[in-house]
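First up is the structure itself, then whatever we jot down about it.
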Amino acid sequence: MILILPELTVLLFSVFFLFFSLGDRKRNPAAWAGPLSLIILITSLLTLSNSGALFSGAYRVDLFSQIFKAMLSLGFCLVLFMMGRRNEIEENYGAEYFMFLGFSILGLMMLTSSVELISMVISLEISSYSLYIIVPLRKGSTRVQIEASIKYLFFGAVASGIMLYGMGYLYGIAHSTFLADIIKVIPSYINQPVGIIAVVFTLTGFFFKLSLFPFHFWAPDVYEGASNTTTTFIATIPKIAAVALLVRIVMLTLPGGQQFINILIVLAAFSMTFGNLVGLVQRDVKRLLAYSGIAHAGYVMLGVLSLVGDGNAAAIYYIAVYLIMNLACFYVVILLSRNNDNPKIDDLAGLAKRSPLLAFLLAAAAFSLAGIPPTGGFTGKLFLLMSAFKAGHINIVVIAAVNTVISIFYYLNLVRISYSRPASTEAGEIMLTFQEKALCFIFIGLILYTGLLPFGLLEIFKGML
Amino acid sequence: MTGNYLLMNPSGFPILSATIFLPLVGGIILLFLKNDRAIKITALITGIITFLISLILFSNFNPDTKLFQFGENIPWIPLYKINYILGIDGITIFLILLTTILTPICVLCSWTAIKERVKEFMFCMLVMETAMVGVFCSLDFILFYIFWEAMLIPMYLLIAIWGGPRKDYASIKFFIYTLFGSVFLLVAIIAIYLVTGTFSIPDAMFRGYSANFQHWVFLAFAIAFAIKVPMFPFHTWLPAAHTEAPTAGSVFLASVLLKMGAYGFLRFCLPITPAASVYFAPWMIALSVIAIIYGGFVCLAQTDMKKLIAYSSVAHMGFVTLGIFSFTLFGFEGALLQMLNHGVTTGALFLCVGIIYERTHSREIYDNAGLGKITPVYVGFLGLFCISAFAFPGTNNFVGEIYVLIGTFMDSRVAGFTAVIGAVLAAAYMLRLLKQIVWGREDKRTITDMNAREVIYLAPLVLFVIWVGLFPRPYMSVMERSLANLLDQMRPFIQ
């Protein structure tokens with residue numbers, strides 16, 4: 001019981017909102033969500049040192065999984081506090097919305113502990129199906145959100161299908177669904193087509209969650225169609241779990257096959273370049289962040305494909321930083337949006353006058369996403385580049401460096417418009433509550449902390465591998 | 001490892017860290033103030049205290065050692081052997097003094113010119129100072145890189161918020177151009193780390209890397225530094241940024257940021273990739289000479305005072321890189337002195353343009369012509385800095401240029417002769433500017449002359465111009481030891 005305490009807490013969270021939904025519809029569930037998520041965070045922090053195996057070894061609780069669970073619950077907690085009073089979900093579905101968010105987190109937490117193919121699939125689908133449901137739950141039904149959810153569902157189903165196909169091959173090779181058994185057999189197959197197909201196809205499900213090229217097609221539409229808060233969740237939290245599983249599975253292939261690595265390099269290069277180039281022409285802030293997410297999926301792969309402990313620690317560090325800087329960007333989006341619509345880039349005009357704090361938060365997050373010191377984005381990217389360079393993949397390092405320059409155009413554009421364009425006449429000052437201000441300062445603090453004092457977290461990530 | 005090159009501070013007080021972070025602390029205090037006047041005064045006091053600390057630094061500086069002084073070494077990210085290493089030598093001490101004296105001057109020159117968002121402006125200035133001093137003190141690649149890049153953000157904001165009409169274009173061009181160079185710098189830094197296993201800059205010097213490796217690293221460094229200097233043909237961001245930036249921003253850009261490129265060549269390219277530096281020297285000399293001539297001709301055609309001074313920077317910085325790549329002691333000393341001279345003189349010229357812009361709201365030469373009778377004090381200051389800018393004997397630039405030219409003639413006569421032509425061009429465009437401003441036309445405008453505040457902040461610069469012009473020896477003796485040491489270690493690579 002104690003081993004899966006964080007999961008149980010999340011389950012209770014969801015059950016609480018299930019009962020809530022049966023009660024009086026007029027009560028606001030949002031007031032409960034934040035404090036309850038704090039309990040989840042505390043539980044997962046208290047159980048950090050747990051270790052053990054459950055369900056005949058299919059479910060492993062170790063430092064690796066517990067740290068990821070803590071990151072997931074931290075992200076979840078931040079997302080729920082960010083929603084605050086500006087929740088844009090149909091009132092009738094408020095409680096169900098939180099219930100499904102809870103289930104999604106539950107699936108992701110289970111995913112980080114899964115060391116067996118079937119339990120991986122089940123966890124992944126628990127998480128995905130909950131998200132498929134909440135994407136269209138946005139106030140005022142338009143075609144956009146229906147289109148987004150259908151796209152998300154179909155692409156997700158296809159990715160799951162490919163993943164299952166790859167897992168079939170893995171089972172065929174190893175005659176077992178346990179990673180512990182697969183790891184013994186895979187290295188001798190990794191230079192053969194069947195081994196490469198098995199591993200790459202298995203990874204597809206996680207590439208999809210990470211929105212890596214060529215499994216990124218859903219991202220811009222879902223980001224645009226889903227409500228701002230839902231997008232915040234989808235854009236950040238599943239990616240953490242995806243990186244956890246990528247690290248787990250790619251570790252299977254040690255000592256790595258060159259062709260397998262080459263495939264990952266190509267995917268990473270296309271993902272960065274495509275994401276950044278298309279990002280240049282976006283006018284909608286959320287779509288821009290979607291393409292930025294595609295590019296960042298490519299950066300993260302730099303750490304994964306270097307196949308060494310340092311590289312994986314770098315990838316995990318980067319995704320942790322990405323969680324913070326992306327949440328910070330989305331917080332600006334959430335606070336900026338009037339009538340729950342999607343802010344356009346031009347709506348940022350005069351932000352520095354309307355709310356200096358928000359403008360500063362956006363600047364810090366954008367510079368961090370672009371990788372300018374002293375922000376966390378720079379430090380994370382430095383570790384990624386170093387590990388990929390160390391593994392001898394200089395070509396991808398140069399591509400990543402050039403991509404940094406491309407991406408600065410649109411990140412800087414966010415800052416430029418919020419600082420040097422005058423505000424339109426009807427846009428008034430943005431008033432922030434105390435809680436919102438505090439959260440802004442927390443984000444700024446975290447971005448600088450991860451940039452300047454990375455050693456503590458980095459040691460932890462390295463220690464857990 | 002560190003004992004080899006780092007002379008720890010005997011008193012144990014981290015004076016370099018204090019110099020670096022005091023402005024930042026002052027900047028953070030500013031954020032809690034409400035009154036504009038209090039903010040300006042706090043910024044000024046912070047700047048002055050920082051300058052006084054750097055004076056203590058200078059008075060305790062030992063010119064007789066080739067080691068880095070006032071060392072500090074603290075592990076920072078042990079997993080990757082990244083350390084917080086600080087230390088200064090004869091090359092950096094004056095650059096730090098230049099930075100710390102210019103900050104209070106820039107605060108003073110923005111006293112009335114900046115009317116909106118004073119708090120953010122002063123905060124940006126102080127953060128800039130932290131980053132600039134940090135660049136000159138860092139002896140760890142990553143620390144250096146963080147300061148180097150972090151500087152971009154406040155500089156960008158200075159141009160983008162308080163800049164002129166085309167600030168949008170100028171600021172983004174500045175940022176992207178510099179960042180483009182910097183990412184190659186980062187890749188080169190990682191490459192060196194993977195070969196040496198350390199991020200310590202002095203540990204990476206003179207390690208005898210393979211020729212191929214040196215060539216690639218040199219080119220990566222050279223792109224970053226050539227953009228910052230800026231060398232022809234990477235200079236196009238400079239006129240835009242200089243022209244659109246507020247006066248204080250222009251001064252920082254011209255006086256300190258451009259020096260970082262030249263400093264990078266001295267600190268990184270020469271010691272880390274000596275063979276490649278010698279190999280590519282003819283190209284660098286050619287580009288320097290082109291910059292001197294090209295800058296001179298472009299200046300002749302300018303009608304905007306700020307643009308003229310901006311292009312003259314391209315020419316002046318050409319002298320600096322010319323001196324560095326002549327690989328002679330005269331060349332090195334001249335280049336370093338020219339860096340300071342350019343910082344003072346060009347900074348002062350930008351301040352002069354700022355003073356007149358506040359009164360006439362125009363930077364066009366014609367609009368400001370004929371001030372000789374109206375504002376005699378102003379014209380006196382402007383005249384001194386103008387003749388200093390074209391290296392009139394008795395002023396600071398004369399000494400620097402002579403040193404550079406001697407070094408160049410020892411190395412290559414062709415380059416020397418062409419550079420002399422450039423020096424003559426400088427006289428032509430500077431005298432043209434001066435003539436127009438002093439005598440250009442006669443009318444009865446009422447423009448107030450310089451006030452006490454403006455005289456006060458120009459006075460230290462005047463002092464420097466004349467002092468170096470007449471008696472440069474004290475300056476040379478401080479920087480000599482470090483530069484001679486660099487040249488000695490370069491010697492085996494120079495045929």
Side-chain angles (χ1 to χ4, degrees), chain A residues 309-310 313-314 317 352-353 356 359-360 363-364 366-367 370-375 378-379 381-392 394 397-398 400-409 411-413 415-421 448 451-459 461-463, chain B residues 31 75-80 82 84 116-117 119-120 123 127 130-131 134 141-153 156-157 159-163 167-191 193-194 197 199 216 220 244:
Chain A
D310 284 3
Y317 189 77
K353 281 250 172 64
F360 188 71
F367 283 128
I372 312 283
T375 59
F378 163 73
T379 315
K381 202 177 270 181
L382 172 74
F383 296 150
L384 286 176
L385 292 180
M386 272 160 57
S387 57
F389 213 143
K390 206 174 199 170
I394 181 156
V397 171
V398 172
V402 172
N403 261 291
T404 302
V405 183
I406 301 176
S407 69
I408 191 68
F409 272 98
Y411 292 128
L412 198 57
N413 206 19
V415 183
R416 186 180 66 129
I417 289 175
S418 60
Y419 273 96
S420 46
R421 288 262 176 87
L448 290 177
L452 292 174
L453 306 168
F455 35 80
L457 272 180
L458 199 64
E459 298 279 337
F461 292 152
K462 195 154 170 6
Chain B
L31 293 179
W76 182 20
I77 308 174
L79 193 59
Y80 289 103
I82 298 172
Y84 176 83
E116 55 174 29
R117 298 203 224 174
K119 185 194 284 184
E120 286 93 337
F123 180 68
V127 173
T130 289
F141 278 118
I142 297 298
L143 191 63
F144 170 85
Y145 189 80
I146 286 179
F147 282 127
W148 170 273
E149 286 280 89
M151 206 165 48
L152 289 182
I153 300 172
Y156 168 80
L157 292 176
I159 304 176
I161 301 179
W162 295 276
K167 58 187 182 182
D168 223 17
Y169 165 79
S171 57
I172 208 158
K173 189 170 183 180
F174 159 75
F175 199 103
I176 287 166
Y177 235 114
T178 326
L179 190 80
F180 177 79
S182 302
V183 293
F184 289 101
L185 179 65
L186 184 62
V187 173
I189 287 174
I190 298 175
Y193 166 71
L194 293 176
F199 276 118
W216 284 109
E244 298 307 319

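All values derive from a computational prediction rather than experimental measurement. Convention: sequence-line order gives letters A, B, ...; per-chain numbering from 1.
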If you take all heavy atoms of A/S420 and B/A160, which pair is closest and at what distance?
CB-O, 3.1 Å

Can you say whether [X] sits under 4.5 Å from chain A via the side chain, the backbone, both, or neither, judging by heavy atoms?
X	value
B/L152	neither
B/L186	side chain
B/L194	side chain
B/W148	neither
B/A191	both
B/I189	neither

With no hydrogens and no angle check, is any side-chain donor or acceptor of B/W76 less than 3.5 Å from a backbone partner on A/L452?
yes

Got a second to check how far [X]'s [atom1] is from [Y]'s [atom2], nearest 0.5 Å?
X	Y	atom1	atom2	value
A/L385	B/I190	CG	CD1	4.5 Å
B/I172	A/L412	CD1	CG	4.5 Å
A/F409	B/I176	CZ	CD1	3.5 Å
B/F180	A/I406	CZ	CD1	10.0 Å
A/T379	B/I82	OG1	CD1	8.5 Å
B/Y80	A/M386	OH	CE	5.5 Å

Using heavy-atom distances under 4.5 Å, tell me whether A/Y419 contacts chain B through its side chain, its backbone, both, or neither.
both

Is it the backbone or the side chain of A/F389 that comes under 4.5 Å from a heavy atom of chain B, or both, or neither?
both

Pair count under 4.5 Å, heavy atoms only, with chain A: among B/L179, B/V183, B/D168, B/V187, highest is B/D168

Should A/F383 and B/I77 be marked as a side-chain contact (heavy atoms from CB on, under 4.5 Å) after you check the CA-CA gap, both sets of side-chain angles, and the distance that decides it?
CA-CA 11 Å; A/F383 296 150; B/I77 308 174; 4.1 Å; yes

Are there more than 12 heavy atoms of other residues, nucleotides or ligands under 6.0 Å from atom NZ of B/K173?
yes

Above 12 or not: heavy atoms from other molecules or residues under 6.0 Å from CZ of B/F147?
yes

Could you tell me if the side chain of B/F175 sits less than 4.5 Å from the side chain of A/I372, heavy atoms only?
yes

Mutual orientation of the aromatic rings belonging to B/Y156 and A/F367 [parallel < 30°, tilted 30-60°, perpendicular > 60°]:
perpendicular

Flag the one option from A/P373, A/A363, A/A313, A/G456 with the top tally of heavy-atom pairs under 4.5 Å to chain B.
A/P373

